[in-house]
Amino acid sequence: MRIYDFEQGDGKNKKLLGGKGAGLCEMTRIGLPVPPGFVITTEVCLEYYRGGEKLPKDLMDEVRQHVTTIENKVGKGFGDPKNPLLVSVRSGAALSMPGMMDTILNLGLNSETAAGLAEQTRDERFSYDCYRRFIQLFSKIAMQADGEKFDEKFEQYKERYKANYDTELTPAALKEITKEFKQLCKEETGKDFPNEPYKQLEMAIEAVFRSWMGKRAVDYRKFNKITPDMASGTAVNVQTMVFGNRGTDSATGVAFTRDPGTGENIFYGEYLTNAQGEDVVAGIRTPKPIIEMRKELPQSYEELCRVREILEKHYKEIQDFEFTIERGKLYLLQTRNGKMNALATIKTSVDMYNDGIIAKNEALLRIRPEQIEQLLHKTIDPKYAAKPVASGLAASPGAASGKVVFDADTAAELGEREEKVILVREETKPEDIHGFFAAQGVLTSRGGKTSHAAVVARGMGKPCVSGCEQIKIDSHLKLFSIGEQSVKEGDIITVDGSTGSVYLGSVPTIEPELPKELTQVLQWADERRKLGVRANADTPEDAKKAREFGAEGIGLCRTERMFNAVDRLPIVQRMILAEDDEEKNAALATLLPIQRKDFIEIFKAMNGLPVTVRLLDPPLHEFLPSMEGLLREIADMKMKNMDTREKENILRKVKGLAEVNPMMGHRGIRLGITNPEIYEMQTRAIIEAVAELIKQGYDVKPEIMIPQVSLASELNAVRQKLENVTREVMEEKGVRVKYSFGTMTEVVRSCLTADKIAGFAEFFSFGTNDLTQGTFSFSREDAENKFLPRYLAEGILMNNPFETLDKDGVGRLMRIAIEDGRKVRPDLKVGICGEHGGDPESVRFCSMIGLDYVSCSVYRVPIARLAAAQEAAKTVDL
Ligand code: PEP
Ligand code: MG
């Protein structure tokens with residue numbers, strides 16, 4: 001079947017009917033007041049594309065039959081001048097893509113039906129207002145005319161007739177506008193505006209199908225990683241129009257069954273009387289909070305409260321629904337699972353579990369781990385006495401600073417140069433989407449908390465202040481003013497989407513505290529997951545923070561960061577530049593106590609938990625000045641007749657250490673082989689630190705990790721040397737130190753010879769940054785700014801392999817390494833410490849293939865905890 005009446009469709013089949021269509025069918029079935037209509041399936045959309053962007057031959061015949069069904073239900077005729085049936089034509093894919101595809105309202109109007117509607121309703125103003133809206137929308141969407149031209153013309157009319165609001169235009173003026181609009185359509189498109197309702201319907205259906213591949217929709221799917229198996233094609237919903245613009249007893253609005261900003265169990269929504277749905281979403285008029293309806297339209301309010309209850313009970317999820325009240329009668333036009341920010345998703349999930357509505361696993365699976373990052377968003381430092389210069393609605397939480405830009409293209413341009421920007425608009429439209437991706441935050445002067453800007457920013461977890469009416473924007477002059485003050489493009493402002501405040505300049509921000517509901521969810525996650533979660537941390541401060549976030553140890557402590565500290569670097573350089581062993585040993589002896597102290601502090605912070613210390617990895621020339629810098633310095637010194645011998649000495653050494661391909665060069669264990677004294681010093685520092693802490697009563701679990709290993713024999717050679725050192729220190733200190741010795745698994749050969757390597761390693765830690773480089777032969781730095789964007793844009797790669805594990809390639813190497821390694825050493829501990837350790841999808845994969853733990857940057861620890869639990873929860877009863 002290609003077309004389903006709302007009574008016929010299976011409300012669970014979102015893939016076939018789209019989210020909106022499925023929702024309409026389901027609501028019809030549970031007896032809610034839905035205006036009659038039908039759904040053309042997503043499969044027809046695919047057929048449309050397969051057929052070279054043509055509607056299937058006999059589709060319109062089927063459509064006619066279903067329109068007849070509607071006509072019979074509502075007692076009106078499509079195209080009947082005396083009693084015209086008008087319909088809306090809306091898109092709706094399997095996954096919600098708010099505002100990304102097209103919608104047409106009031107379809108079926110022409111000069112005759114508009115006149116008839118005017119007579120029938122005894123409301124000429126209403127009829128011609130519908131008609132002008134229809135021509136405007138249809139010309140833009142179905143005939144691809146420039147929508148702004150219509151907006152401009154409409155504004156001119158409002159000025160000419162001194163109308164502040166659309167509602168103040170007289171019927172005669174509106175009639176005139178419809179004529180002008182049809183004329184404008186002809187000028188813009190070279191085609192006559194179609195009068196015949198079925199022709200209109202056919203064009204509208206095609207337009208909706210076309211919008212599936214529109215730039216906005218394609219960008220949105222890419223950003224949200226919506227793959228064809230998640231949503232393929234859009235359905236088309238054709239539905240009887242009901243009117244919220246038929247006087248003061250009519251209204252339109254959107255509501256959430258709970259507050260999507262805080263998750264509180266209160267009815268939340270906005271409405272406008274005497275308006276159509278697009279007015280609310282587009283933010284053209286600022287709507288009123290739903291609570292005001294209790295006074296204004298008490299009966300409808302009561303009905304809405306009942307609907308709220310029915311919807312939540314039925315769906316067991318927070319619903320975001322659209323409604324219209326036509327002359328006192330309530331209709332529902334859409335429902336979908338409410339998109340909420342992280343706090344609200346977490347709070348409502350915990351509340352619904354506590355109320356016995358959902359199970360614990362459902363609560364865990366409902367939260368997207370990526371969302372947690374929003375809760376780690378910064379807030380304005382309360383100690384900072386900044387005074388906001390303006391305030392609007394707190395539309396999406398978090399605080400951000402950046403340069404003011406007034407259009408999405410500039411935002412995208414600056415964003416590409418890694419500049420921080422705040423997108424400032426009167427209101428945003430779906431075509432601004434690329435600006436949202438690039439911006440740190442969004443500020444609009446119009447629109448409510450459910451305006452386009454607010455909804456999109458919340459979905460992306462970006463701060464947004466909307467409806468900030470104090471600011472007056474002049475996008476031509478590229479400035480906005482607040483009273484006397486003006487702010488130009490490029491000036492820095494700060495927006496706080498948690499309070500609605502706007503500040504001039506960059507205001508200091510502080511790290512947030514984790515809400516108690518998150519702590520609860522993470523506790524549930526910890527009960528479920530089998531995978532350990534550690535942090536990559538190089539300093540005691542990071543280690544402390546990691547513990548606060550629930551890390552169960554450090555999976556990677558990169559010691560080179562310690563070498564780079566300002567007080568150490570000269571000593572490290574002395575060691576590298578030493579002419580003889582004596583000089584080198586003296587430098588190493590100076591470094592030893594410093595390293596020991598570093599380790600003492602980190603081990604203390606991680607008391608009772610394992611700490612993996614990776615011995616030096618980068619090539620030595622990274623610690624020396626650059627060749628270009630030295631050459632310049634020497635030239636300068638020569639001009640001033642200074643003694644350049646020392647600098648030239650350094651230059652010689654730098655030249656000697658230079659490599660064509662340093663990432664594949666003299667680094668990691670290769671340094672350990674050629675300069676054993678460095679690893680020996682580091683090992684001594686570790687064991688001495690542990691010995692001292694054991695004496696103080698600490699419980700230290702050190703793990704010594706060697707990077708860049710490709711041969712079992714090289715690992716064995718280094719291990720022998722280091723074991724001599726550990727033995728020596730233990731004897732000197734008279735303390736027995738338990739430690740484990742392992743390797744990073746980050747070279748392809750180490751995966752392929754894991755059985756041999758496991759003979760000398762008690763643990764493997766996948767260094768998937770290097771392993772990905774090696775597997776693809778992509779150098780990360782070059783790939784990410786040269787060719788990867790193109791691969792992603794063309795869909796050759798679905799994900800950046802440096803962010804999300806390449807399961808087929810890198811993942812396969814990991815599986816081989818785990819399997820072969822454990823054959824030789826069944827208790828081999830296996831972890832991951834590349835960037836992927838904090839990416840939810842990669843974490844799930846790691847859990848699935850049997851890793852013992854993931855290690856990720858400190859702020860991603862909560863994300864990894866939840867992702868790991870989700871993988872486990874899926875395999876447990878639901
Ligand atoms: C890795 O290669 O994945 C890794 C963690 O090491 P680094 O990023 O320091 O090279
Ligand atoms: Mg590495």
Side-chain angles (χ1 to χ4, degrees), residues 93 95 97 99-101 211-232 368-371 373 400 402-403 405 407-423 428 430-442 456-457 459-462 661-664 746 767-811 834-843 845 856-857 859-860 863:
L95 291 180
M97 298 168 52
M100 295 304 129
M101 289 183 297
S211 69
W212 170 254
M213 289 308 288
K215 183 172 171 353
R216 269 187 277 144
V218 172
D219 282 353
Y220 184 88
R221 289 199 290 277
K222 207 178 288 161
F223 183 80
N224 289 287
K225 303 209 162 83
I226 299 176
T227 53
D229 58 319
M230 294 156 82
S232 189
R368 280 194 304 122
E370 297 86 336
Q371 279 190 304
E373 217 157 3
K403 288 185 177 169
V405 293
D407 63 279
D409 289 344
T410 314
E413 219 172 90
L414 293 184
E416 243 168 50
R417 283 190 248 138
E418 312 248 315
E419 295 214 38
K420 294 192 167 29
V421 297
I422 306 288
L423 181 62
T428 61
E431 46 263 43
D432 293 327
I433 192 78
H434 55 304
F436 278 82
F437 295 148
Q440 256 54 47
V442 179
V456 176
M460 292 187 183
K462 298 199 172 184
N661 222 332
M663 284 303 106
M664 298 171 96
E746 55 181 342
T768 43
N769 303 336
D770 274 305
L771 192 56
T772 304
Q773 299 203 79
T775 305
F776 281 87
S777 278
F778 284 178
S779 140
R780 177 179 177 142
E781 279 70 22
D782 297 327
E784 288 197 328
N785 58 36
K786 291 213 167 66
F787 53 85
L788 266 187
R790 189 69 179 266
Y791 273 58
L792 294 167
E794 291 191 12
I796 296 171
L797 276 171
M798 284 313 288
N799 291 301
N800 176 346
F802 293 104
E803 282 169 6
T804 302
L805 257 176
D806 155 48
K807 300 187 195 85
D808 295 345
V810 177
E835 279 307 297
H836 307 89
D839 169 69
E841 199 181 315
S842 313
V843 171
F845 178 76
C856 56
S857 59
Y859 280 86
R860 289 165 95 188
I863 299 174

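In this chain, numbering begins with 1 at the start of the sequence shown.
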Give the ring-plane orientation class for Phe778 versus Phe802, where under 30° counts as parallel, over 60° as perpendicular and anything between as tilted.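 Phe778 and Phe802: tilted rings.
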
Among Glu841, Met798, Glu835, find the one that has a side chain to side chain contact (heavy atoms under 4.5 Å, CB included) with Thr804.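 Of Glu841, Met798, Glu835, side chain to side chain contact (heavy atoms under 4.5 Å, CB included) with Thr804 is met by Glu841 alone.
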
N/O donor-acceptor pair under 3.5 Å between Asp806 side chain and Gly809 backbone: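 Judged by distance alone, yes, a pair lies under 3.5 Å.
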
Donor-acceptor contact present, side-chain Arg221 to main-chain Trp212, <3.5 Å: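 Checked: pair present.
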
Return the minimal non-hydrogen interatomic distance between [X] and [Y], and the atom names on each side.
{"X": "Ile863", "Y": "Pro840", "answer": "CG2-CG, 3.8 Å"}
{"X": "Ala217", "Y": "Ser211", "answer": "CB-O, 3.4 Å"}
{"X": "Ile226", "Y": "Leu95", "answer": "CG2-CD1, 3.8 Å"}
{"X": "Pro789", "Y": "Ala783", "answer": "CD-O, 3.9 Å"}

Give a yes or no on this: more than 12 heavy atoms of other residues, nucleotides or ligands lie within 6.0 Å of atom CZ of Arg417.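 Atom CZ in Arg417 is packed in, count exceeds 12.
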
Looking at Met663, I'd like to know if its CE atom is crowded, meaning that more than 12 non-hydrogen atoms belonging to other residues, nucleotides or ligands lie closer than 6.0 Å.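 Above 12, so yes.
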
Please enumerate all residues that pass salt bridge (charged side-chain N to carboxylate O under 4.0 Å, His left out) together with [X], with sequence neighbours excluded.
{"X": "Lys215", "value": "Asp219"}
{"X": "Glu370", "value": "none"}
{"X": "Asp770", "value": "Arg667"}

Taking the side chain as every heavy atom from C-beta outward, state whether [X] and [Y] have any atom pair closer than 4.5 Å.
{"X": "Asn799", "Y": "Lys225", "result": "yes"}
{"X": "Met97", "Y": "Arg216", "result": "no"}
{"X": "Leu788", "Y": "Leu797", "result": "yes"}

By side chain to side chain donor-acceptor pair (under 3.5 Å), which residues pair with Ser842, not counting sequence neighbours?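 Ser842 satisfies side chain to side chain donor-acceptor pair (under 3.5 Å) with Asp839 once adjacent residues are dropped.
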
From [atom1] ([X]) to [atom2] ([Y]), nearest 0.5 Å:
{"X": "Asp229", "Y": "Thr227", "atom1": "CG", "atom2": "OG1", "result": "3.5 Å"}
{"X": "Glu803", "Y": "His836", "atom1": "CD", "atom2": "NE2", "result": "8.0 Å"}
{"X": "Thr772", "Y": "Leu805", "atom1": "OG1", "atom2": "CG", "result": "6.0 Å"}
{"X": "Lys462", "Y": "Gln440", "atom1": "NZ", "atom2": "CD", "result": "6.5 Å"}
{"X": "Ser779", "Y": "Met664", "atom1": "OG", "atom2": "CE", "result": "10.0 Å"}
{"X": "Thr428", "Y": "Leu423", "atom1": "OG1", "atom2": "CG", "result": "7.5 Å"}

Which residues pass the ring pair (Phe, Tyr, Trp, His ring centres under 6.0 Å) test with Tyr220, sequence neighbours left out?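 With neighbours one apart ignored, the set is empty.
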
Per-pair distances, 0.1 Å, donor-acceptor, side chain in residues 409-416, under 3.5 Å, sequence neighbours excluded:
| residue | atom | partner | partner atom | Å |
| --- | --- | --- | --- | --- |
| Asp409 | OD1 | His434 | NE2 | 2.6 |
| Thr410 | OG1 | Asp407 | OD1 | 2.7 |
| Thr410 | OG1 | Asp407 | OD2 | 2.9 |

